[in-house]
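To start, the structure under review is shown below, and the notes come after it.
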Amino acid sequence: MVTQIVSYIAGAVIVIFLLRKLLLRLQLSRAKHRSLTGHSKMARRFASLVPYYEYDERQFFTADAAPAHIAATRRAGFMRLAATFAERYRKTAALTADVMEAVSDLQFTSRYRVPFQFSRFVREHFKVGTFLESSSGVSVTDLDGTRFFDLTGSYGVNLFGYDFYKECIARGSERVKDLGPVLGAYHPVMAENVRRLLEISGLDEVSFHMSGTEAVMQAVRLARYHTRRTHLVRFCGAYHGWWGDVQPGVGNPLPANHTYTLQDMDDAALTVLRNRRDIACVLVNPLQALHPNSAAPGDSTLVDSRRSAHFDRAAYTAWLERLREVCTERNIVLIFDEVFVGFRLARGGAQEYFGVRADMVTYGKSIGGGLPIGVVCGRREVMRRFREDRPADVCFARGTFNSHPYVMGAMAEFLDRLDEEPISTMYRNLDALWDGRAQLVNGMLEHADLPVRIANLSSIWTIAYQRPSRYNWMLQYYLRAEGLALSWVGTGRLIFSLNYTDEDFAAVADRIVAAAMAMQRDGWWWADPQLTNRSIRRSVFKEMIQARSFSPLGSMSSPRSK
Ligand SMILES: Cc1ncc(COP(=O)(O)O)c(C=O)c1O
């Protein structure tokens, strides 16, 4: 009898355990974004099935079934632009071509500037150079002496203008030159940086690293160590550097088995945080506020015109507040990854801008004063790398170049100048200024009846397209021809430095409109009224199926055939 009761109880416990597991699994499924970006394993599988094929010259201009006269207008525009590139960027392009075969990064970025079906033809005709000779004010100059307004922002590093960073590096180097490159011991300037970082972050301890990626790695490692839990939560589409655990899915050959990718700004994600016991930390990249649940917008994914972005400060603030509450309730470490937006949104970064405090904050990019850097600031309880009562149970973190004197010197200059003119003025009315500028450009685009609009998070902009089209990525070449320097993701991300004057900006606004007008004139936005984003996707999908079934098919050819 007793044995029977015991086995009933054991059975009930097992059933409850299994039901709970099932419930947690269902909650997790509900908290995933419906897109492929939200399903990393599926995305990797899908990516591995996408076959290579490319358009021949005829298909290149008629991928949307445009009539012959439109194809001819496009071709003429394309060849004119290609001739301009060949003439204007000759030296720069030649050196780029010289090193192309030997530089893996260059091969990758040049291939992925536009959707792959168009890529080879574009590469053959537009020789985009990647060398620059100098920078000054808000411009950069290439080897041919062509001056561009810089909209790359050097991946977000350039916040206050290149001259500012040149000074930080020069004066910072001067400050530390007597010690030189001695590592292990610190230059006293580092103590000043620590003091300022604690004041800015409102946190207790700091660690220095060599890149944003490493800072994020360290923050997550510490969160795991202190909570004794295994998993990190990131939100769908968010970039946190290229370390495997924060980059599940396409791009990472291994599955990230200790990562949950949840839907941003969604209650179902909070339910998962409330109920699971294995979550050590939540990573937030506040840049996602501009396009929640979408990956960084690069032009190579501009298959159609679905790219959209919209920043709602109140809604994102409310979301962060709720996230903060749940993390506190569940002892989950809340990490703001401010490598990109720190110092750009406000002097005190995203914490100040949204009025929500994190347990840890990672900084990088700009804070190095122009030199490579990653920083973690955190509450004392989560920053310690050892346990008082368990001397052998430590959390390891090293890095040869951590706290490099020259980086510390440039950082000290950066931090010193934050509260001085002209920087303190740049922070005043920052949003009003950049929102106003975005509105101005949108007004001009609307007035000229162009199907292009800007969405922005302060000085970080993205271009969205209003009419279904297969050719939106062409705009990046028209913008370059107008003397605007873009990074390899093209129109997906324009990053302004805060030293743009109204006059500089007016010139950029005119050039954006001129580029879009030229593109419109050249027929790229011609569209059959039947064309929709959905029909575009359907036809591309059909091409993929065909390319998988018959390779090569008709005039679509596989890379091996060339
Ligand atoms: C939010 C965020 N975290 C981390 C990183 C990685 O920084 P790094 O490129 O210095 O490794 C980046 C880089 O763009 C970033 O934007």
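The analysis underlying the following values was restricted to heavy atoms, covering all of them including side chains, and did not include hydrogens, waters or symmetry mates. Keep in mind the model is a prediction, meaning the values are calculated, not measured. Every number for a ligand or one of its atoms is a count from 1 in the order of the listing.
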_Partner set under side-chain hydrogen bond (donor to acceptor under 3.5 Å, both in side chains) for Q247, not counting sequence neighbours_ = none
*Any residue meeting side-chain contact (heavy atoms from CB on, under 4.5 Å) with M426, in chain and number order, not counting sequence neighbours*: F160, P422, I423, L498, N499
*Are the side chain of D312 and the backbone N or O of A315 linked by a donor-acceptor pair below 3.5 Å?*
yes
*Is the W473 to F118 ring centre distance short of 6.0 Å?*
yes
_Any heavy-atom pair between the side chains of R437 and W461 that's under 4.5 Å?_
yes
Put together the list of close N/O pairs, under 3.5 Å, between ligand 1 and the protein, could you?
from	atom 1	to	atom 2	distance (Å)
ligand 1	3 (N)	D337	OD1	3.2
ligand 1	3 (N)	D337	OD2	2.7
ligand 1	7 (O)	T213	N	3.4
ligand 1	10 (O)	G212	N	2.8
ligand 1	11 (O)	G212	N	3.4
ligand 1	11 (O)	T213	N	2.8
ligand 1	11 (O)	T213	OG1	2.6
ligand 1	14 (O)	K365	NZ	2.7

*asked:* Restricting to salt bridge (Lys or Arg N to Asp or Glu O under 4.0 Å), what partner residues turn up for R123, sequence neighbours left out?
replied: none
